[in-house]
Amino acid sequence: MAEKFKMKILCIGAGYVGGPTMAMIAHKCPQYKIVVVDINKEKIDAWNSDELPIYEPGLYDVVKSARGRNLFFSTDVDKWIKECSVIFVSVNTPTKTYGVGAGMAADLMYWEKTARRILECAESDKIIVEKSTLPVKTAQAMERILNSGENSRVKFEVLSNPEFLAEGTAMEDIKNPDRVLIGSMQTDSGIKARDVLCEIYSNWVDKEKILTSNIWSSELSKLVANAFLAQRISSVNSISALCEKTDANIDEITNAIGTDTRIGNKFLKASVGFGGSCFKKDILNLVYICRTYGLTEEADYWENVTKINRHQKQRFVLKMLSSMFNTLADKRICLFGFAFKADTGDTRETPALFVAKKLVEENAKVIITDPKAISNAKSDLSDYSLKIEYIVDPYEAADKSHAIAIMTEWSLYKELDYEKIFSSMEKPAFIFDGRNIVDHKKLYNIGFNVYPTGKSPLTHF
Ligand code: UDX
Ligand code: UDX
């Protein structure tokens, strides 16, 4: 039976970005056939089951609405490259761990392999869409590989369409984006390809929110957006350290400065540090690019954003150590939350990993609780399995512990019965709030010694 789809769209890479983005396109556009492929069979099996491989509020319902109708998950990369005319690529681009640029540059190995696969399999013209975050000028390299003459019958047009979704709010972000950015070559064929992608998004995004630019601006915008967001957090976290020395209160300060419309009130929350797969990787990538062009001062400027972030995590652990009488050995310390932020099970670059490792180095007994991230935590800390316990129930996790450290701003931690928790803990009982989410005065009145972030501690000593 001939298929009646208006367009066939492929996405290579069924991760945090590819999965939710394609599910939304399929949900909003029943006239397109959408296929998501991945080399990881387990992941594809999970996308085809009731237990999706990632947790994201609202994702399951959207997947269910379209799966089997116009949304398909498969491991057959080659077949679908042949069949689809638009190919999104959202394979991972981690920080390089070897050779030139190790620890800084983006590792484009998976991207290049994917480009070569496309080149080998394609039998008709394709639009290739960069969804992964890539260093500026990657499209040029891709264009060269793809149009390298090995398959000169086929024409490839490369577009840049960076993803700005944040985990935990991904579905909402894709449904109602602040903007969609599409970068293309300024040639006739580039603009034609751009228009195809604009048409896909215009099924649910207002035309004025679809921005177009040259391809290099688009690639660089993604790195710059993440660098600016992370820079706000490092700026506020640096001031949180000053607040702890001066009896000023970080929430009062951010409230005061955030009402200035030139500054704005978002992304001003002091924390134990930012995590997530993108911020550190993208800043280091930006730093590396600056250095490549000889822009040393500019590179140093942005690198300091990541240095402050590491320092903030370190400061958190040192605060625990010094306030708990300079020894954590044999003390039970319970981490409330392990995910890098609330409403996700993702633990990539989570500050909780840094904190857990440092606590183990101090010979503390670490107990980790989290509603969604326990299995990722176990694999992140597999080398430490004998020294860490994992308990989903927060009351049980806190039982007989000397301290609680709030690592993730899950709203469930705001609503716990802290009197009950206090009574089951060793005394003196400590709570370190790395997210400033609990009522510090109330906890102090219950009997806790409370250490917020960027505010004076409330102690009974
Ligand atoms: C990825 C990039 O890491 C990020 O830079 C970009 O901004 C968006 O895309 P994410 O979706 O979070 O982010 O990555 P991940 O969840 O690791 O998914 C990538 C998927 O690609 C994995 O499932 C992996 O198995 C798959 N993959 C990787 C392939 O299918 N083929 C490859 O050759 C390599
Ligand atoms: C980020 C960008 O927001 C998104 O646009 C991009 O596409 C990918 O990277 P994500 O990593 O999913 O998204 O989460 P985000 O909400 O940006 O949070 C990153 C980290 O910053 C988290 O650890 C979060 O807890 C922390 N954070 C955020 C703060 O510490 N304070 C804040 O005010 C905001």
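Note that this is a predicted model, so its numbers are computed, not measured. Just follow the structure's listing: the first ligand is 1, and inside any ligand the first atom is 1.
Close approach to Glu163 involves these atoms of ligand 2, each under 4.0 Å from a residue heavy atom: 7 (O). When each atom of ligand 2 is checked for a heavy atom of Ser271 under 4.0 Å away, the hits are 29 (C), 30 (O). Interface atoms of ligand 2 facing Leu229, defined by a heavy-atom separation under 4.0 Å, are 3 (O). For ligand 2, the atoms lying closer than 4.0 Å to a non-hydrogen atom of Ala166 are 3 (O), 12 (O), 13 (O), 16 (O). Every atom of ligand 1 is numbered from 1 in the order shown, and the set under 4.0 Å from a heavy atom of Lys43 is 22 (C), 23 (O). Atoms of ligand 1 found under 4.0 Å from any heavy atom of Tyr110, numbered from 1 in the order shown, are 34 (C). Set against the non-hydrogen atoms of Leu268, the atoms of ligand 2 under 4.0 Å away are 33 (O). Near Lys281, with a cut-off below 4.0 Å to any heavy atom, the atoms of ligand 1 are 4 (C), 5 (O).
The shortest N/O to N/O separation between Gly275 and ligand 2 falls below 3.5 Å. Of the polar atoms of Ile39, at least one N or O is found under 3.5 Å from an N or O of ligand 1, judged by distance alone. For ligand 1, the polar-atom distance check against Thr133 finds a nitrogen or oxygen pair separated by under 3.5 Å. Considering backbone and side-chain atoms alike, Glu167 places every N or O at 3.5 Å or more from each N or O of ligand 1.
Put simply, the side chain of Ser202 never gets that close to the backbone of Lys207: no donor and acceptor are under 3.5 Å apart. Panel note: side chain Lys358, backbone Gln314; no donor-acceptor pair is recorded below 3.5 Å. One N or O on the side chain of Glu56 and one on the backbone of Ala170 form a donor-acceptor pair closer than 3.5 Å.
Ring geometry for Tyr201 versus Trp204: interplanar angle of 30 to 60°, hence tilted. Aromatic ring pairs are classed by plane angle as parallel below 30°, tilted from 30° to 60° and perpendicular above 60°; the pair Tyr418 and Phe336 is tilted.
A donor-acceptor contact closer than 3.5 angstrom links the side chains of Lys222 and Thr133.
With a 4.0 Å cut-off on non-hydrogen atoms, Arg348 touches ligand 1 through its side chain and not its backbone. Counting heavy atoms closer than 4.0 Å to ligand 1, residue Lys222 contributes side-chain atoms (C-beta onward) but none from N, CA, C or O.
In this structure, Lys33 is positioned above the aromatic face of Phe72, its NZ or CZ under 6.0 Å from the six-membered ring centre and within 45° of the axis.
Counting heavy atoms only, Ser90 comes closest to atom 9 (O) of ligand 1 of the residues Ser277, Cys278, Ser90, Pro53. One option in Arg435, Glu409, Lys280, Met407 has a heavy atom closer to atom 25 (O) of ligand 2 than any other, and that option is Arg435. Of all the listed residues (Ile233, Thr350, Val236, Val17), Ile233 holds the heavy atom that lies closest to atom 29 (C) of ligand 2. Of all the listed residues (Phe279, Phe274, Phe164), Phe164 holds the heavy atom that lies closest to atom 5 (O) of ligand 2. Checking Asp346, Val91, Asp282, Leu165 against atom 27 (N) of ligand 1, the nearest heavy atom belongs to Val91.
Between Ile128 and Met142 there is no side-chain heavy-atom pair separated by less than 4.5 Å. For the pair Trp47/Arg67, no side-chain contact is recorded, criterion being any heavy-atom separation below 4.5 Å from C-beta on.
Assignment of Lys266 to the shell around ligand 2 is not supported, since no heavy atom sits closer than 4.0 Å.
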Practice task
Show your working on ring-ring contact (aromatic ring centres under 6.0 Å, His included) between Phe228 and Trp302 and close with a plain yes or no.
Solution key: CA-CA 9 Å; Phe228 268 63; Trp302 288 107; 5.6 Å; yes
Exercise for the section: Test side-chain contact (heavy atoms from CB on, under 4.5 Å) on Asp346 and Phe340 and set out the steps. Expected result: CA-CA 7 Å; Asp346 193 355; Phe340 80 96; 3.7 Å; yes
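The environment of Asp260 atom CG is dense: over 12 non-hydrogen atoms of other residues, nucleotides or ligands sit within 6.0 angstrom.
Ranking the protein heavy atoms by distance from atom 33 (O) of ligand 2 puts Lys269 N, 2.9 Å first. Here the heavy atom of the protein found nearest to atom 2 (C) of ligand 2 is Asn226 OD1, 3.5 Å. With respect to atom 16 (O) of ligand 2, the closest heavy atom belonging to the protein is Lys341 NZ, 2.7 Å. Scanning the protein heavy atoms around atom 18 (O) of ligand 1, the nearest turns out to be Gly15 CA, 3.2 Å. In this structure, atom 21 (O) of ligand 1 lies nearest to the protein heavy atom Gly13 CA, 3.3 Å. Ranking protein heavy atoms by distance to atom 3 (O) of ligand 1, first place goes to Asn92 CA, 3.4 Å. Among protein heavy atoms, atom 26 (C) of ligand 1 sits closest to Asp38 OD2, 3.2 Å. Scanning the protein heavy atoms around atom 11 (O) of ligand 2, the nearest turns out to be Phe340 CE1, 3.5 Å.
Atom CE in Met24 sits 7.5 Å away from atom CD in Glu172 (nearest 0.5 Å). From Asn161, atom CG reaches atom CZ of Arg194 across 12.5 Å, with rounding to the nearest 0.5 Å.
Using a 4.0 Å cut-off between a side-chain N of Lys or Arg and a carboxylate O of Asp or Glu, Glu303 and Arg291 qualify as a salt bridge. Under a 4.0 Å N-O distance rule, the pair Asp78/Lys82 does not qualify as a salt bridge.
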